[in-house]
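In this text the structure is predicted, and so the values were computed from the model without any measurement.
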Amino acid sequence: MGNKTFLGELWAFLKVRKAWWLAPIIIMLILVGVLIIFSQSSAISPFIYALF
């Protein structure tokens, strides 16, 4: 096993379980999280709010 990161463990889970349908869901969750983080403390936040 060794010292695996969270992403390494997640990738191994997807490979072993053949759960490739989870990949788009995980990617979208990460993108939304990054968007929320950037919208809170950024000069581009008015433009992000205009998208929704």
Look at the side-chain heavy atoms of Ile, Leu, Val, Met, Phe, Trp and Tyr, link any pair under 4.5 Å apart, and say whether [X] and [Y] land in one connected group.
{"X": "Leu29", "Y": "Phe13", "answer": "yes"}
{"X": "Val32", "Y": "Ile25", "answer": "no"}
{"X": "Leu14", "Y": "Trp21", "answer": "yes"}

- Task: Go through the structure and list residues passing side-chain contact (heavy atoms from CB on, under 4.5 Å) with Lys15, not counting sequence neighbours.
- Result: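 Counting only residues at least two positions away or on another chain, Lys15 forms a side-chain contact (heavy atoms from CB on, under 4.5 Å) with Trp11, Trp20.
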- Message: Return the CG to CG distance between Leu22 and Leu10, rounded to the nearest 0.5 Å.
- Response: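 With rounding to 0.5 Å, CG (Leu22) is 8.0 Å from CG (Leu10).
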- Task: Under 4.5 Å between side-chain heavy atoms, chaining through other members, with only Ile, Leu, Val, Met, Phe, Trp and Tyr counted: pull out the rest of the cluster around Leu31, sorted by chain and number.
- Result: Ile27, Met28
